[in-house]
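Let me begin by presenting the structure, written as C-alpha cells, before commenting on it.
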Amino acid sequence: MDPISARALAPAMAAPSPLDRSPQDISVEEFDSWPLATKQAYIENWSQDPAGSDPRSVLIGPGTNQSRYFFMIGTPPDARVEQRPSTYFQVPISHEQFMSHFPSEDAWTDADRRDYIMAHGTVLATGTRELALTKADGRDVFVYVRDGVLGQRPDGYGLPTYTLRPDTFLSWSPVDQADYFASNASFRDVPGGPLTLYLGNRVGQWRAVYMDRNANNQTVFALRPEGWMGAPSLLSPAVFDTWPEKQRIDYLRKQFTIEPSPGERRTVEIGSGTASATYTLSRSAAGEYTASKQPSGSGTSPGTLDPEIFYGPNWTEADRLAYLDRWAGQARSILPYDPWNVTPAEFKALNAVQQAIMVRHWSTDPVTGFRSTVEIGDAVGRLTVELRASRVAVLRETNSLVTPDSSVPRGFSLSIQPRDLSLSLFQSWDSAYQKAYVAKFARDGAVTIGQTGQGKRAGDDFLTFMRTNDRSRLLAIETLDKRTIAGLAPADQTALAGNAIFRAAAAAQGLSTSRNDAKKLVDDARARLPPENGGARNPAVEGGWNGPYVSHMGPPLEEFQTERAYFVKQLDLLEKALDRQTVFSSSDLADSIKLVTERADRWSTYWPVHNGYDKRGSAYVRLQSLGGPEGLHAACKSLVDSERRILENEEKRLDAARSRRSDGRTADLATLIFELQQSYNRKVELRVAAETVELNQINDLLKAYTVMQSLVNKTLGMNFGTDGKANVALAPASDLDWRAISLFDQWIGGDTTHGWPAGSFLHPAERHKLSGRRERDVLTTNTNGSDFSLVGQPQSFWNSYNSRLGSMVSTINQEAQVKMNEVNSLDKQKNRHFELANNALSKMSELLQSITRNVA
C-alpha cells in the first residue's frame, strides 16, 4: 500500500476514545492510570448525578467484586478525583457501612476510614481523632486515628465513668486508657497530686485511677488502694499500714484542702473507737512529706491516760503537743464546757493530762513574748494558769471580785434587789460584775432589772437579762433579734425557749419554738421532689409528673436515683441543722428549702433528654435543640455536678460549724471564719455556674425562635394573592431551617397521640418555665412515613403565628434578663459576705496586736 492510501485509512483504524467506553468495560486499575483531565471528562460524561451536582460519581469496574466509585469533587479543570466508597460522603454513617469490605461494591479501605475519621472525628486532648459509629443493634462503637494509626476502641469504651469497671479500664491498651482519661472529667484529689478519675458501677464502689510515671518516665495509669474513696474513720489501721508509703502520704494529704506549711505537722485519725490510730503528717522545709504513727497511748482519752505515760520518756515534746492538738478539739465532750464553768477546786482535781488539755484548748497559741495563759473560774474565784512545755503552772489565784487590776464599780452591791436597781446604773458596771450580779439573783436563768409596771418601757426602764451557758456574756431578752438568736448555742436557745418573756418577744418577730412545725416544712419539701421511680416534669398537669420512669427517655433509672439523692441529702442537712436549734424562723427555713426544691425541679426538666433523634428526609424526629442532644446532656451533667459539689460543701461546712474543727484539728476563731467564708464562696460559685448553664440553654432556645422568625418573615414577603388567601408554605433554605421547623412541629416532635409523654421533646429551658410552642400538623404533614412535606397557609395565619413567635421571644428575653440579674446578684452577695468576714478578721488581728503590745 502506498503512503497516501495508508494516511487515508488511518482515521478509520485509530483506537476509540476512552469517553466512548462503558464503565463496566474499564478496570479500576486502568481508570486510575488515566490523566486527571481524562478522568474528569469521563466522569462528567458518564455520571448519573444531576448536571452541576458536586460531587459527581461513576461506578468503574466489571462487576460487583471488582468495581469502585470514583468521585469528582469541584469543577474541572480544578476538580480532584478520588476513589471512595459510595457511602463515604454520608454523615453520619453506620458502623456496618464503615467496616464494609470486598466483595461489597461499597467496600472501604483503611485509607478511606482514616480520612473519614480525620474529617469528621472529635479531637481529644491527646491529639487523637475519635468518632462514634452506631451499630445495627443501637450500640455505639468508637473508632480513632492516632499518629496516623487507625484503631477501634474496646468494649465498654463508650460507658460513662459511673458504670465502667476499673479492671475493664486497666485491661485496655495504653492508647485507649490515655484517650478515655483525657475525655472524661479528671481532677486532683490530692493537693498538687496527679490527675484522678473515679470509676465504678455505683456510689460506694468507685475506685480511683490516677496518672503516674513508670521507671522509663512513660505515662501509666494505676489504682489507688481499696478504701481510698472512704473517710479515715472507715479505714482499718492494720490495712492502712499495708499501703505503700507514697499512698499513705497521699491519703493523709488528701484530708486537707490547704497544704501544710514547711515545718508544720498535722494529724489524722485512722479507724474509730478502740480500733484506731493517730498518724502525723510532717512536711520538711524542702517540701518533702513523711508520715508516722504516734506512740503507744496516744489513742487513750485524757480521762484515762496515765500522766506518767504522757510525761514519760517514750513521749517526745512533739508527741505531747500532737496529743494536745488532737484531744483539745474534743475538750467539750470530755471536760467541763469552758474555764468559766470550772471552779479552782474542780480544776485542781483534774489529772495532769486533763489540765494540759484544757489549757491548750482555751489558750491562745504561744508566740514570741506572749505567754499561753487561761483564766479558770469566774469573777468570784479565779485561777490564772499557764502551759509550760505541756505542763500546767499556776501563776496566781484570786478569791475576790477585787483584783490588782480593777476596783469595785460605783453602786455595786450583791444585796440590792433587782427591782430597786436602776437599769442605767447596772449597765454602767464592768461585765464581770454584771455577770456576778445576775448569777446571784437569776430565777429560772433570768432576772428583770429596773422598774416594771404601767407606763414603763423595756430598754428604757427595765430589761430582762440571762447569762449564757458558757458564762461569757449577758443577753438582754427583750432586745434580742433573729440574727443574734440564730448564733446562740443550743443550750442557750433551750433556756430562752422556756422563758415566757422571750416567747412573747419571739412571736412578734415571726419566730417559733416548735421543732415539729419546722420539720414539717422539710417533710413537705421532700414530698415535692421528683418521685424516686423517675419520670419527667409534666407541664400539662400543675405539680404533676410523668411516670413511672420511661427507660427510652434518658440514662438508667439507677443514675436518676443517685442524682435525686443529692437533693434529698441537702434537705436532710437542713433538717439536721434543726437539731441544734430550739428557736426557729419558718421564713428563713422556707427560703433555704426553696433554693433546693427549685434546683431539683430544674434538674428534673433537663433529665429526660432523649439520647438521639431520627432524620426522615429533610426533617428531624424527636429533636429538642438546634444542636442535637449533646449540648443538653452536657448541661444536665453540669447541673448534677454542681449539686454534688454543693452537697459536699454543705456537709463540710456543717461539720466545721458543729465541731469547730478544720482539716482534722481544732480551729481558732480566725481559722473558722476563714473556712466558713471559703465554704460560702464555693457554694455561691457553684450556684453561679449552675445558673449560667441555665442561662446558656435559654439563649440556645432563643436561637431556635430567631431562626423560625426569620423563616416566617420570609414567607410573609411572598405572594398570597390579591385577597391574601392563597396558601403559601415555609421555604427552608438550609439544614438549620429544617431543624427549626422540626422543633416547632408537634407531630414530628411527638406527643401523647404518638406514644410519648406530653412535652417530652420540648427544649428543657422551655419545659421548665415557659409554655409550649408546637403546632399540630400545621407546619408539615407526613407523606409516606419517611419524609415530610410543607403545608401552605393563608397570610392571616402567618401574621398570627408571627405575632405569637414575637410574644414568646419577648418572654424568653425577659427570662434571660432575670437569670442574668440573678447571676449578678449572687456575685454581689459573695463579695459583700467576703468583705464582712475580712473586716472581722482585720479587727481580730488589730486586737491581738494591741494585746501583744500591752503585754510586752
Side-chain angles (χ1 to χ4, degrees), residues 232-233 235-242 245 248-249 252 255 260 263-284 289-336 338-339 342 344-368 370-374 376 383-395 397 661 663-666 668:
S233 60
L235 270 177
S236 162
V239 172
F240 185 73
D241 289 341
T242 65
E245 182 182 12
R248 291 200 305 271
I249 290 174
L252 297 177
Q255 310 310 312
E264 185 179 357
R265 298 160 54 92
R266 294 187 184 178
T267 61
V268 177
E269 184 175 0
I270 302 294
S272 60
T274 56
S276 65
T278 301
Y279 292 78
T280 299
L281 178 68
S282 303
R283 186 180 184 187
S284 69
Y289 289 91
T290 56
S292 60
K293 269 187 178 180
Q294 290 185 3
S296 175
S298 60
T300 305
S301 68
T304 55
L305 178 63
D306 186 345
E308 294 302 321
I309 295 178
F310 179 77
Y311 291 116
N314 292 330
W315 286 52
T316 66
E317 185 63 21
D319 292 331
R320 296 189 189 101
L321 291 175
Y323 181 87
L324 295 179
D325 283 339
R326 175 191 178 191
W327 287 100
Q330 302 179 34
R332 292 187 177 184
S333 63
I334 61 176
L335 297 173
D338 70 15
V342 183
E346 290 172 335
F347 180 80
K348 293 175 181 178
L350 298 175
N351 70 36
V353 179
Q354 291 173 316
Q355 290 181 347
I357 289 288
M358 187 168 183
V359 177
R360 178 74 169 179
H361 181 73
W362 289 104
S363 67
T364 58
D365 288 333
V367 295
T368 303
F370 189 71
R371 295 183 302 180
S372 180
T373 60
V374 174
I376 305 294
L383 281 176
T384 302
V385 296
E386 179 185 18
L387 186 64
R388 296 176 179 172
S390 303
R391 292 179 181 271
V392 174
V394 176
L395 299 182
E397 183 171 355
R661 294 179 70 81
D663 294 338
R665 62 183 296 176
T666 303
D668 56 29

For the student: nearest non-hydrogen atoms of [X] and [Y], plus distance:
X      : Y      : result
Ile270 : Pro237 : O-CG, 3.5 Å
Pro302 : Asn351 : O-ND2, 3.2 Å
Val359 : Glu386 : CG1-C, 4.5 Å

Are any of the side-chain heavy atoms of [X] and [Y] separated by less than 4.5 Å?
X      : Y      : result
Tyr323 : Thr278 : no
His361 : Val374 : no
Leu350 : Met358 : yes
Leu281 : Val268 : no
Leu383 : Lys348 : yes
Trp327 : Val353 : no

- Task: Measure from the side-chain N and O atoms of Glu269 to the backbone N and O of Ser233, and report whether any donor-acceptor pair falls under 3.5 Å.
- Result: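 Side chain of Glu269 to backbone of Ser233, a donor-acceptor pair under 3.5 Å: no, none is there.
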
- Taking Arg320 for its side chain and Trp315 for its backbone only, find out whether a donor-acceptor pair lies under 3.5 Å.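 Looks like yes, one N/O pair under 3.5 Å.
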
- With Phe240, which residues qualify under ring-ring contact (aromatic ring centres under 6.0 Å, His included), at least two apart?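 With neighbours one apart ignored, the set is Trp243, Tyr251, Tyr279.
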
- Start with the C-alpha distance between Leu324 and Ile357, add both sets of side-chain angles, then the distance that settles side-chain contact (heavy atoms from CB on, under 4.5 Å), and finish with yes or no. CA-CA 6 Å; Leu324 295 179; Ile357 289 288; 3.5 Å; yes

Using distance only, find each side-chain donor-acceptor pair of residues 304-312 under 3.5 Å and give its atom names and separation, not counting sequence neighbours.
residue	atom	partner	partner atom	Å
Thr304	OG1	Ser301	O	3.3
Thr304	OG1	Ser301	OG	3.3
Asp306	OD1	Glu308	N	2.9
Tyr311	OH	Ser390	O	2.9

- Item | Residues which pass side chain to side chain donor-acceptor pair (under 3.5 Å) with Thr384, listed by chain and number, not counting sequence neighbours |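 So Thr384 forms a side chain to side chain donor-acceptor pair (under 3.5 Å) with Glu375.
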
- Sequence neighbours excluded, which residues qualify as side chain to side chain donor-acceptor pair (under 3.5 Å) partners of Arg248?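 In terms of side chain to side chain donor-acceptor pair (under 3.5 Å), with neighbours along the sequence ignored, Arg248 is linked to no residue.
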
- Message: My understanding is that only residues two or more places apart in sequence, or in another chain, count here; which of them pass salt bridge (Lys or Arg N to Asp or Glu O under 4.0 Å) with Arg283?
- Response: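 Not a single residue meets the salt bridge (Lys or Arg N to Asp or Glu O under 4.0 Å) criterion with Arg283.
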
- Query: What residues form a side chain to side chain contact (heavy atoms under 4.5 Å, CB included) with Thr316, not counting sequence neighbours?
  - Reply: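 Ala318, Asp319.
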
- What distance separates Tyr289 OH from Glu245 CD, expressed to the nearest 0.5 Å?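 Going from OH on Tyr289 over to CD on Glu245, the span is 14.0 Å.
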
- Message: Just verifying a value: how many Å separate Leu387 CG and Arg360 CZ, rounded to the nearest 0.5 Å?
- Response: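 Between Leu387 CG and Arg360 CZ, I get 7.0 Å after rounding to 0.5 Å.
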
